[in-house]
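Just so it is clear: chains get the letters A, B, ... in the order the sequence lines come, proteins before strands, and each one is counted from 1.
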2 protein chains.
Amino acid sequence: MAGEKVTSMDVARRAGVSQSAVSRVFTPGASASPKTVAKVRKAADELGYRPNVLARGLITGKTRMIGLVVAYLDNQFYPVALELLSKALQERGYHVLMFMAGNATEDISHIVDELLDYQVDGIVTASVAMTNDLTARCDTAGIPVLMFNRGQDDPRLSEVTTDNFAGGRQVARFLLAGGHARIAHIAGWQGSSTGRDRAAGFLAGLADAGREAHAVVDGMYHRDAAMDAARQLFDRPDRPDAVFVGNDHMAFAVMDVLRHELGLSIPGDVSVVGYDDVPLAAWPAYDLTTVRQPVRRMVAETVDRLLARIETGDTAPAKIRIPGTLMLRGSARIPQGWTQ
Amino acid sequence: MAGEKVTSMDVARRAGVSQSAVSRVFTPGASASPKTVAKVRKAADELGYRPNVLARGLITGKTRMIGLVVAYLDNQFYPVALELLSKALQERGYHVLMFMAGNATEDISHIVDELLDYQVDGIVTASVAMTNDLTARCDTAGIPVLMFNRGQDDPRLSEVTTDNFAGGRQVARFLLAGGHARIAHIAGWQGSSTGRDRAAGFLAGLADAGREAHAVVDGMYHRDAAMDAARQLFDRPDRPDAVFVGNDHMAFAVMDVLRHELGLSIPGDVSVVGYDDVPLAAWPAYDLTTVRQPVRRMVAETVDRLLARIETGDTAPAKIRIPGTLMLRGSARIPQGWTQ
DNA sequence: TCGCATTTTGCATACGCTTGCAAAAATGCT
DNA sequence: AGCATTTTTGCAAGCGTATGCAAAATGCGA
């Protein structure tokens with residue numbers, strides 16, 4: 001616990017140059033003669049000097065920190081995304097400052113305050129909704145916001161999602177082709193764009209064939225709610241013979257109920273399809289047919305867009321929609337000769 | 001994108017007081033008359049002023065940021081811990097700055113540099129090993145380090161773990177009481193203290209009864225490695241009838257192999273016991289008997305100790321060891337009349 | 001060698017805030 | 001009311017760095 005901070009001034013003295021010379025050596029764009037660079041580098045190494053990012057940030061107005069707002073991490077999709085996001089930002093010299101949010105708006109408002117306090121250069125929200133009011137606050141503060149895996153109507157907002165409507169529709173086509181008679185939907189939270197879009201696409205896909213959903217229930221993206229929904233839908237004579245569940249996290253819950261509470265076989269009695277393709281979906285215990293969201297690409301887009309706005313001031317908000325693909329596995333009957 | 005920063009100076013002018021008065025109103029310990037407080041608060045609200053945490057940090061030397069170093073998030077234990085940690089710190093006015101690390105030492109060294117650049121007030125490492133050299137660097141910089149769920153011999157290091165040795169031993173007793181004949185261990189990474197301690201405790205527990213492990217293999221805390229280990233151990237005539245797996249993440253992999261590749265029944269043919277008790281362990285698809293690590297308590301301890309060192313300078317390193325408890329579920333035969 | 005264009009360098013200031021110090025205001029006491 | 005004490009206030013210095021500006025150093029061609 002020595003606590004001895006070594007500053008650019010210390011390095012300057014030891015190298016026999018001015019403090020500004022030291023600063024220039026550590027500032028990418030600046031000019032310094034080879035001789036000075038050498039002297040400064042040497043002195044800096046000997047003293048173990050590294051520039052103070054915060055002091056630098058005070059002047060440049062850039063902290064190289066990105067605020068990430070997340071509501072929960074129990075859905076495996078988010079830790080995976082977080083890991084990739086954090087790594088990608090790290091490679092480009094940024095770091096993630098975490099903010100856990102409840103879903104209450106008031107809570108989020110509080111968090112936006114804190115984000116601004118820390119002078120983050122940009123904000124990524126995941127599994128969280130921003131109100132227009134909050135977006136405005138960030139806007140006037142000049143901080144770009146990007147919504148990851150969630151959309152919002154406000155055209156000033158940037159977002160990166162998969163094409164949830166198309167994904168839902170494709171699931172409908174797939175289940176119809178499989179010859180299912182009673183097709184139900186345990187939907188994602190209808191307060192979220194993903195939940196609504198997937199449901200709408202799914203219903204549209206059924207409608208394309210002149211069909212309707214046997215039942216639609218909101219599973220709230222919660223394991224418990226999804227289990228309740230499954231019980232409600234399946235514990236009766238006219239139970240569905242196929243169900244599209246709004247994300248994998250809920251789909252696992254539904255499968256657990258079907259198999260272990262109701263003794264149904266998958267896909268014998270019921271076909272189950274999810275959304276996300278989290279790693280667990282590929283494990284044989286679930287072997288879940290699901291729509292893959294290409295997380296790597298989503299993260300790459302997120303980083304590119306956000307940093308473009310930060311670094312080049314490229315200010316146009318973007319709504320980026322990446323296609324998803326249906327992963328065929330064992331939890332749903334595969335139609336004869338089915339090709340995507 | 002207005003970018004209009006409002007500073008304490010702006011507030012001061014509007015409230016008709018000095019800049020220092022504004023500062024005092026926003027500094028917990030400082031003194032200001034009720035009248036001034038009122039004027040300043042009013043002006044601040046009207047302008048939407050909030051103190052700049054970074055500028056404050058430059059003076060106080062405290063950034064209210066805790067660096068978190070993690071190697072991977074695919075083992076569910078870590079996202080859960082991260083969520084709790086982040087929330088707990090948030091409640092006490094701190095925030096988590098994320099650093100993803102590969103396991104290479106050189107990589108970690110790089111990360112320590114960056115941690116120091118950001119002037120974090122403290123560091124938590126999880127699923128990552130620090131070398132003594134790195135610890136020293138943080139020490140001289142006056143930044144307390146706390147290892148979460150990983151120990152190290154260096155007495156200067158603080159750590160929070162469960163009693164892995166005791167946990168391993170209890171599993172041994174449990175499996176012995178269950179009358180198993182050939183008890184194997186797919187161990188956690190032997191480069192980590194948790195991996196070693198659990199294995200050692202387990203072997204000690206067997207030895208207590210004059211028994212030996214039927215086989216011990218290192219599963220590296222990796223899904224793929226654990227699957228290979230399972231194949232190697234079980235795809236032969238004298239296969240084990242019980243296996244203790246070094247953590248839940250690997251245990252799921254092992255169960256998948258046993259059931260879906262080798263067609264074995266659990267616990268009919270083989271009893272499986274894990275370590276951690278991640279949420280997934282309680283889902284009926286796995287229903288895994290496992291040693292619970294009380295994450296909430298671990299996190300609470302972590303936060304308490306770390307902030308104590310930061311805020312009160314309480315400098316004594318601590319090795320905190322919390323007891324775990326065996327959660328009885330369906331993946332392992334339960335001995336008649338077994339009580340913990 | 002000298003003059004000119006170009007780099008490199010140091011000085012000084014600023015970023016937004018906290019805090020020691022001394023002056024000013026408020027308070028309590030006789 | 002008058003004085004001693006306490007509280008509140010403003011001033012100014014500083015935290016560690018970046019950067020515009022002018023002065024010094026360098027390079028180049030003739």
Could you tell me if the side chain of R150(A) sits less than 4.5 Å from the side chain of T125(A), heavy atoms only?
no

K39(B) side chain to R14(B) main-chain N or O, any donor-acceptor pair under 3.5 Å? no

Open item on the list: Whether E46(A) and K42(A) form a salt bridge (side-chain N of Lys/Arg under 4.0 Å from carboxylate O of Asp/Glu) is what I want to check.
Closed with: yes

In the structure I gave you, are the side-chain heavy atoms of V124(A) and L306(A) within less than 4.5 Å of one another anywhere?
yes

Taking any heavy-atom pair under 4.0 Å as a contact, classify V22(A): base, sugar-phosphate, or nothing.
nothing

query: Would the Y221(B) and Y72(B) ring centres measure less than 6.0 Å apart?
result: no

Contact span of DNA chain C against chain B, any nucleotide atom under 4.0 Å from a heavy atom, 5' to 3', runs dG16(C) to dC21(C)

So, the side chain of T63(B) versus the backbone of Q119(B): is there a donor-acceptor pair under 3.5 Å, distance only?
-> yes

| query | When we call it a touch if two heavy atoms are under 4.0 Å apart, what does T27(A) touch: a base, just sugar-phosphate, or nothing? | reply | sugar-phosphate

Requested in this report: Report yes or no: does E301(A) contribute a side-chain atom to a donor-acceptor pair with the main-chain N or O of V160(A) at less than 3.5 Å?
Outcome: no

Taken to the nearest whole Å, NZ/K35(B) to C1'/dT7(D) is 12 Å

Ordered by number, residues from residues 41-60 of chain A within less than 4.0 Å of DNA chain C (heavy atoms) are L58(A), I59(A)

From CD of Q19(B) across to C1' of dA13(D) the rounded distance in Å is 12 Å

In whole angstroms, the gap separating C1' of dG16(D) from OH of Y118(B) amounts to 16 Å

Here the salt bridge (charged side-chain N to carboxylate O under 4.0 Å, His left out) pairs for residues 55-74 of chain A, sequence neighbours left out, are none

For a quick test of reading the model: is some side-chain N or O of T7(A) closer than 4.0 Å to OP1 or OP2 of dG16(D)? no

* With a 4.5 Å limit on heavy-atom distance, are the side chains of Y94(A) and I310(A) in contact? -> yes

Separation of dT17(D) atom P from L116(B) atom CG, nearest Å, is 13 Å

- Message: Applying a 4.0 Å non-hydrogen cut-off, can you work out what S23(A) is touching in the nucleic acid: base, sugar-phosphate, or nothing?
- Response: base

Rounded to whole Å, CZ of R24(A) lies from P of dC21(D) at a distance of 13 Å

